[in-house]
Enquirer: 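Please see the structure below; I have some questions.
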Protein chains: 2
Amino acid sequence: MSKARTTITDIARELNISPATVSRALNNHPAISRQTREAVIALARKLNYHPNLLALSLLRKRTNTIGVIVPEITSYFFSSVIGGVQDLLTAQGMNMIIGQSNESLEEEKALVEKFTSIRVDGFLISPSRETKDYGHLQVLKDSLFPLVIFDRDCEDLEVDKVFVDEYRGALQAVEYLIHTGCRRIAHIAGSATLSTARHRLAAYRDALKKYQLPVLDDYIIESSGFTPEAGIEPTKHLLALPEPPDAIFTVNDGVAIGAMYVIKEAGISIPNEISVIGFDDEPYSCYFKPSLSTVWQPTYELGMLSARILMKRVNAAQEAFTPKVEKLFPELIIRGSSR
Amino acid sequence: MSKARTTITDIARELNISPATVSRALNNHPAISRQTREAVIALARKLNYHPNLLALSLLRKRTNTIGVIVPEITSYFFSSVIGGVQDLLTAQGMNMIIGQSNESLEEEKALVEKFTSIRVDGFLISPSRETKDYGHLQVLKDSLFPLVIFDRDCEDLEVDKVFVDEYRGALQAVEYLIHTGCRRIAHIAGSATLSTARHRLAAYRDALKKYQLPVLDDYIIESSGFTPEAGIEPTKHLLALPEPPDAIFTVNDGVAIGAMYVIKEAGISIPNEISVIGFDDEPYSCYFKPSLSTVWQPTYELGMLSARILMKRVNAAQEAFTPKVEKLFPELIIRGSSR
DNA sequence: CTGTTAGCGCGTTCAT
DNA sequence: ATGAACGCGCTAACAG
């Protein structure tokens with residue numbers, strides 16, 4: 001604060017009353033004369049008084065602030081989840097402080113420390129790609145900090161969690177490909193360290209097995225990221241195979257867009273020769289030519305629900321409880337890139 | 001805080017020393033015996049002690065927190081600006097608290113109030129579409145809150161500002177179209193209440209005039225937003241004109257994508273019959289077919305620079321100063337959608 | 001080297 | 001209806 005902000009003491013001094021009276025007047029305490037109340041309120045407005053939430057938080061041992069930690073904020077997925085979180089928190093008079101871990105465990109730990117010092121009332125965390133050791137999260141749980149993990153799982157950590165049922169969505173996508181006659185279905189997978197990517201891969205395998213199709217190592221490639229760029233090389237590799245696939249299921253839309261780019265450049269027709277299905281339903285996905293078939297995820301609801309569950313814990317006394325895991329349903333959206 | 005966190009008093013009591021000594025030990029005060037220092041640090045770690053930044057902030061009258069207010073967070077533009085802001089602030093040991101105004105003046109005002117109460121050390125604001133009255137920002141300035149406006153201008157408000165030179169970028173784009181032989185150039189504009197959209201429109205007009213091309217009202221349509229959906233109707237309208245345009249310059253990439261979609265559906269060739277140039281260079285823009293020509297904006301640098309300027313004000317004593325306006329340069333990127 | 005005191009801004013007893 | 005005293009957690013000034 002670059003300048004001394006006005007305090008209740010300032011107002012009290014000017015009005016020749018006590019700070020306590022000012023406080024009461026400002027908080028609509030019943031036992032206060034209308035006269036002084038009005039004088040106080042008028043002067044407060046004139047002096048542009050704003051209550052100091054630091055002092056209040058210190059007193060109440062509650063900051064009304066939730067710390068949100070995400071791997072990155074620029075992805076459509078996380079930024080729209082955050083939209084849901086914010087809408088719920090705002091409705092409950094809560095603030096939100098956001099941190100990006102940039103997929104780094106170190107940065108994630110630092111954020112947890114910092115938010116702990118700020119004394120946030122609770123944490124909403126989607127762990128970084130590198131987070132395989134949950135020590136810093138376990139400490140949070142042990143210190144009775146309300147904590148909700150969302151989107152990406154921390155397998156042995158027993159806290160509240162909210163996920164999208166990725167397995168279900170991926171299963172639908174691959175089964176659709178099979179039903180429409182595709183027999184050589186490839187999968188460009190995401191980093192195996194991500195629970196979400198693992199679930200999508202598992203569903204891919206299970207769908208093939210269910211229909212007695214062979215699961216070929218050649219048809220499974222792990223991409224280096226989630227961008228179209230990351231989809232380029234894997235797709236080139238697939239197309240160069242002796243027996244190229246007749247369908248590609250990708251870990252997300254970004255990679256699918258890179259895949260479609262390569263396929264079109266090669267003069268191969270989508271979906272006649274190769275079907276493509278992505279995951280996420282990003283805003284531009286339906287404007288490609290052909291428009292991208294994909295699995296829509298309820299991102300906004302994911303944020304809302306995570307925040308709602310967290311707030312329940314925050315508002316409850318810190319009683320013992322059994323952590324709950326919630327799953328939201330995705331939805332297969334068929335467009336032009338698949339038969 | 002759901003549970004009493006450990007304080008220096010807790011540590012002091014357990015060690016039979018005074019809180020002040022604990023404080024000194026924890027802060028590497030020179031005059032402290034190695035023995036007690038080590039005992040304190042050991043116990044602090046054991047008890048998972050974290051300094052209470054609320055208390056510290058109250059004492060220091062400084063929260064080390066910057067309030068950032070943007071119209072929305074889900075757009076690529078603002079989320080990558082925020083990335084730049086965060087990197088600079090983190091490097092300086094500062095925190096950031098983000099608020100979305102959702103393009104609403106009321107929400108923007110509420111955020112300003114809230115951040116004032118939280119006692120942020122400074123504000124970084126990109127005003128909402130509805131913000132035409134700057135009263136709430138003027139109050140900030142008058143209360144000597146460090147404030148930097150970025151991306152969108154508040155014309156009569158004399159504070160530090162950081163912009164991209166939109167005019168220059170738009171001028172380059174339209175001149176390029178002219179140079180490549182386009183003569184009937186249309187513009188799908190953004191909301192006239194946005195300084196950025198106004199600058200792009202002004203450059204469009206000026207470029208045409210400069211080359212003695214007529215500026216036709218029929219060729220200028222204001223879109224209802226920045227999404228592909230918002231580009232659909234205006235484009236249909238343009239194509240239905242007795243003399244349809246041979247080029248369309250759009251206010252941003254989102255609208256351009258909607259425009260390309262309509263043009264391709266109509267069986268018209270891009271860029272042979274119609275050139276299209278957008279604005280922003282969003283991540284997927286180069287993967288469309290044809291790839292979208294556009295104007296790249298230094299978003300990350302915009303965030304960095306805004307934060308850097310703000311921090312200079314925050315760290316300087318509140319002396320009088322003349323507000324500065326900085327401009328960053330955009331860059332025309334020619335790809336497949338233009339000749 | 002360490003303890004005591006005071007105060008940051010506020011709401012809440014307990015008095016009056 | 002109002003005031004005085006206290007304490008949230010911490011550091012700085014002053015003693016010793």
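Every value quoted in this text rests on a predicted model; they were computed, and no experiment measured them. Just so it is clear: chains get the letters A, B, ... in the order the sequence lines come, proteins before strands, and each one is counted from 1.
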Enquirer: When the side chains of residues 40-51 of chain A are checked against the rest of the protein, which donor-acceptor pairs come out under 3.5 Å, sequence neighbours left out?
Expert:
residue: A:Asn48; atom: OD1; partner: A:His50; partner atom: NE2; Å: 3.3
residue: A:Asn48; atom: ND2; partner: B:Ser143; partner atom: OG; Å: 3.4

Enquirer: If you go through the side-chain atoms of A:Arg24, does one of them form a donor-acceptor pair with the base of D:dG3 closer than 3.5 Å?
Expert: yes

Enquirer: Can you list, by residue number, the residues of residues 32-50 of chain A that have a non-hydrogen atom closer than 4.0 angstrom to DNA chain C?
Expert: A:Tyr49

Enquirer: Regarding B:Glu155 and B:Ser195, do their side chains bring together a donor and an acceptor under 3.5 Å, going by distance alone?
Expert: no

Enquirer: Between D:dC10 atom P and B:Arg60 atom CZ, what is the distance in whole Å?
Expert: 12 Å

Enquirer: I need the full list of salt bridge (charged side-chain N to carboxylate O under 4.0 Å, His left out) pairs touching residues 122-135 of chain B, with sequence neighbours left out, sorted by first then second residue.
Expert: B:Glu103-B:Arg129

Enquirer: Any side-chain N or O of A:Asn27 less than 4.0 Å from the OP1 or OP2 oxygen of C:dG11?
Expert: yes

Enquirer: For A:Lys61 and D:dG7, is the shortest distance between a side-chain N/O and OP1 or OP2 below 4.0 Å?
Expert: no

Enquirer: For residues 76-93 of chain B, run the donor-acceptor check on the side chains, cut-off 3.5 Å, and write out each pair with its distance to 0.1 Å, sequence neighbours left out.
Expert:
residue: B:Ser79; atom: OG; partner: B:Ser75; partner atom: O; Å: 3.0
residue: B:Ser79; atom: OG; partner: B:Tyr76; partner atom: O; Å: 3.3
residue: B:Ser80; atom: OG; partner: B:Tyr76; partner atom: O; Å: 2.8
residue: B:Ser80; atom: OG; partner: B:Phe77; partner atom: O; Å: 3.2
residue: B:Ser80; atom: OG; partner: B:Thr299; partner atom: OG1; Å: 3.1
residue: B:Gln86; atom: OE1; partner: A:Gln100; partner atom: NE2; Å: 3.1
residue: B:Asp87; atom: OD2; partner: B:Tyr300; partner atom: OH; Å: 2.5
residue: B:Thr90; atom: OG1; partner: B:Gln86; partner atom: O; Å: 2.8

Enquirer: From CG of A:Asp10 over to P of C:dC8, roughly how many Å is that when rounded to an integer?
Expert: 10 Å

Enquirer: Got more than 12 heavy atoms from elsewhere within 6.0 Å of CD, B:Glu38?
Expert: yes

Enquirer: A:Arg5 has an atom CZ; how far is it from atom P of C:dG9, in whole Å?
Expert: 12 Å

Enquirer: Strictly below 4.0 Å: does A:Thr7 bring a side-chain N or O up to OP1 or OP2 of C:dG9?
Expert: no

Enquirer: Just how far, in rounded Å, is C1' of D:dA12 from CD1 of B:Ile8?
Expert: 12 Å

Enquirer: Picking from D:dC8, C:dC8, D:dC10, which would you name as closest to the side chain of B:Asn52?
Expert: D:dC10

Enquirer: Using a strict cut-off of less than 4.0 Å between a Lys/Arg side-chain nitrogen and an Asp/Glu carboxylate oxygen, indicate whether B:Glu107 and B:Lys109 qualify as a salt bridge.
Expert: no

Enquirer: What's the CG-C1' distance between B:Leu58 and C:dC10, to the nearest Å?
Expert: 9 Å

Enquirer: Which residue is it: B:Val68, B:Leu140, B:Ile97? I am looking for the one with a side-chain contact (heavy atoms from CB on, under 4.5 Å) to B:Phe115.
Expert: B:Ile97

Enquirer: Quick one: label A:Leu56 by what it contacts on the DNA or RNA (base, sugar-phosphate, nothing), any heavy atom closer than 4.0 Å.
Expert: sugar-phosphate

Enquirer: Check whether NZ of the Lys or CZ of the Arg A:Arg313 lies under 6.0 Å from the centre of the six-membered ring of A:Phe145 and within 45 degrees of that ring's axis.
Expert: no

Enquirer: Side-chain contact, heavy-atom cut-off 4.5 Å: B:Ser101 with B:Glu72?
Expert: no

Enquirer: With the threshold set at under 4.0 Å for non-hydrogen atoms, list the residues of residues 13-21 of chain A touching DNA chain D in residue-number order.
Expert: A:Asn16, A:Ile17, A:Ser18, A:Ala20, A:Thr21

Enquirer: Do A:Ile66 and A:Leu310 have side chains that approach each other closer than 4.5 Å (heavy atoms only, starting at C-beta)?
Expert: yes

Enquirer: From CG of A:Leu26 over to C1' of C:dG11, roughly how many Å is that when rounded to an integer?
Expert: 12 Å

Enquirer: Taking five pairs at each end of the helix from C:dC1-D:dG16 to C:dT16-D:dA1, what angle separates the two helix axes (nearest 10°)?
Expert: 50°

Enquirer: For A:His29 and A:Pro51, take the nucleotide of DNA chain C holding the closest heavy atom to each; which residue's nucleotide lies nearer the 5' end?
Expert: A:Pro51

Enquirer: Just the rounded figure in Å: distance from C1' of C:dG11 to CG of A:Leu53.
Expert: 13 Å

Enquirer: Just checking A:Leu59: base, sugar-phosphate only, or nothing, at a heavy-atom cut-off of under 4.0 Å?
Expert: base

Enquirer: Quick check for you: to the nearest 0.5 Å, what is the distance between B:Ser128 atom OG and B:Glu106 atom CD?
Expert: 9.5 Å

Enquirer: Does B:Gln35 CD have over 12 foreign heavy atoms under 6.0 Å away?
Expert: no

